[in-house]
Amino acid sequence: MPPELSTVAGEWPTATATGSCSDLYGGRRRIDGAYAVWTHGLRYDAARGRLYWSFGDVYNAAARNDPVLGYTLLGNSSSSSSITAKGPWSVRGGSLQIPCWFADAYLGGRSLGLGFGGYYSIIGPGSMGPALAAVHEVTDDNSVDAAPDTAPLRDAVTLLSHAATNGYFERFGWRPRDYWIAPPLDWGRNASSSRGYWAPGDSIEGGAVWIDTGSRHALLFFAQLNQGRVAYEDAGQGNTITAESSQAHWLLYDPMDLVAVANGSRKPWQVAPREVVPVAYPATGPSQDTYSGALRRVSGAAWDPEGATLYLLHLNSREQAGTAEQYHVVHAYRLDG
């Protein structure tokens with residue numbers, strides 16, 4: 001682990017801002033009529049100089065298919081005049097880089113991964129479980145804005161998808177069996193003897209990464225899963241999803257399991273994770289978790305192949321001493337061997 005990092009909770013170094021920009025989104029992070037707009041994922045593509053971003057309405061009661069994914073071309077300074085925003089397009093979630101060898105061998109060269117899935121309010125046609133589709137990278141930055149809304153994202157190959165539709169519970173994503181659905185909530189399924197089913201409130205927020213070292217590879221999703229009794233009831237501010245607790249989990253998929261989906265021999269909801277691992281992230285101060293981890297959660301992931309290090313952005317996990325203010329923390333995990 002780099003010497004400037006600390007393994008002791010509360011003794012983490014603090015990053016220093018070297019500049020500021022009034023609006024990295026170029027005025028494009030907006031949804032007319034939205035209840036509230038949150039950023040759900042950030043990823044920097046160093047090779048192309050692009051900062052990908054994703055946002056969304058936290059309560060899309062109108063079930064709009066909002067344009068919410070775009071990227072910003074970063075210039076040589078932090079001033080607003082040196083950046084250019086592109087998009088947005090109608091994809092909610094986040095983005096990741098698919099290794100070129102895998103994209104060329106199995107996906108027709110599609111090396112940009114989009115999706116991630118998971119529950120959100122008024123989920124509609126979303127994915128009750130991890131979601132991922134592969135598309136071609138945008139090669140001409142100058143042509144993007146002249147294209148129709150989703151033109152840069154057409155011709156996608158779906159690799160993972162779990163349709164959020166009543167009556168199709170068998171398509172919901174795999175998860176541990178440590179929960180139960182309280183009546184009259186009827187858009188979830190209790191665990192069977194062999195598996196759990198993605199439950200209301202289980203979330204993934206812009207957190208996924210494809211790790212490839214040459215000898216090892218894995219597709220990871222960073223989820224917050226509800227536990228115990230899961231219900232839809234009045235929690236003091238109107239009806240909402242509630243749960244006894246929630247727990248962070250890593251969902252690890254073998255990328256080679258996705259080849260059968262890409263070639264059409266398996267459906268995108270038939271691939272299960274090889275491992276689902278509960279994780280306790282280090283944090284200071286009392287937990288600010290809500291039923292779905294909406295305040296303390298992973299909202300970004302990056303893999304550094306040169307340093308063999310996984311970086312996770314963990315929101316609201318460091319409490320300022322003597323105040324109720326919460327700061328974000330970047331956790332680093334080294335892959336040894």
Side-chain angles (χ1 to χ4, degrees), residues 34-36 38 40-41 56-66 68 92-94 115-132 160-208 221-251 268-269 272-273 276 278-279 287-299 315:
Y35 176 81
W38 287 2
H40 292 291
D57 185 354
V58 300
Y59 195 76
N60 185 8
R64 300 178 308 271
N65 187 24
D66 297 316
V68 294
R92 179 164 182 168
F116 306 169
Y119 172 87
Y120 59 88
S121 291
I122 320 296
I123 189 170
S127 177
M128 284 291 280
L132 186 68
L160 284 172
S161 180
H162 301 275
T165 306
N166 260 344
Y168 290 91
F169 296 126
E170 73 278 2
R171 298 184 181 182
F172 283 22
W174 275 255
R175 57 149 294 162
R177 301 173 59 248
D178 55 351
Y179 72 99
W180 61 279
I181 307 295
L185 181 55
D186 62 355
W187 41 279
R189 179 173 180 174
N190 285 317
S192 68
S193 60
S194 60
R195 57 164 289 195
Y197 298 84
W198 204 265
D202 292 350
S203 62
I204 300 172
E205 187 169 328
F221 296 91
F222 305 99
Q224 194 79 21
L225 304 182
N226 281 338
Q227 296 175 311
R229 178 181 180 272
V230 178
Y232 184 73
E233 59 193 1
D234 190 344
Q237 295 180 335
N239 286 344
T240 188
I241 298 294
T242 65
E244 291 180 34
S245 63
S246 68
Q247 173 71 51
H249 286 76
W250 291 10
L251 283 67
W269 57 84
V276 179
V279 178
S287 173
Q288 296 295 310
D289 280 359
T290 65
Y291 63 91
S292 62
L295 293 181
R296 181 171 289 173
R297 65 203 186 279
V298 169
S299 188
L315 302 187

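We use all heavy atoms of the structure for the numbers below, so side chains are in, but hydrogens, waters and symmetry mates are not.
In terms of heavy-atom proximity, P273 sits nearest to W174 at CD-CB, 3.7 Å. Scanning all heavy atoms of the two residues, the minimum distance from P200 to G188 falls at CD-CA, 4.1 Å. What you find for I181 and N190 is that their closest heavy atoms are N-OD1, 2.6 Å. Scanning both residues, Q247 and P278, for their nearest heavy atoms gives CG-CB, 4.2 Å. When all heavy atoms of V230 and A243 are compared, the closest pair comes out as CG2-CB, 4.2 Å. Minimum heavy-atom separation, F116 to G207: CD1-N, 3.9 Å.
Between Y197 and S192, the closest side-chain pair of non-hydrogen atoms falls below 4.5 Å. Two residues are said to be in side-chain contact when any heavy atoms from C-beta on lie closer than 4.5 Å; W269 and S127 fail this criterion. Counting heavy atoms from C-beta on, the side chains of N226 and S246 come closer than 4.5 Å. Between F222 and I204 the shortest side-chain heavy-atom distance does not fall below 4.5 Å. Side-chain contact check for H249 versus P176: some heavy-atom pair is nearer than 4.5 Å.
Between R189 atom CZ and E170 atom CD the span is 7.0 Å, to the nearest 0.5 Å. Taking OH from Y179 and CG from L225, the interatomic distance works out to 10.5 Å, rounded to the nearest 0.5 Å. Atom CG of L315 sits about 9.5 Å away from atom CH2 of W38, to the nearest 0.5 Å.
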Quick one: do W250 and F221 satisfy side chain to side chain contact (heavy atoms under 4.5 Å, CB included)? Show the steps, please. CA-CA 6 Å; W250 291 10; F221 296 91; over 6 Å; no
Decide yes or no on side chain to side chain donor-acceptor pair (under 3.5 Å) for Q227 and S245, but give the supporting numbers first. CA-CA 5 Å; Q227 296 175 311; S245 63; 3.1 Å; yes
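Scanning for salt bridge (Lys or Arg N to Asp or Glu O under 4.0 Å) contacts around R229 gives E233, with sequence neighbours left out. For R177, the side chain to side chain donor-acceptor pair (under 3.5 Å) test picks out no residue, with sequence neighbours left out.
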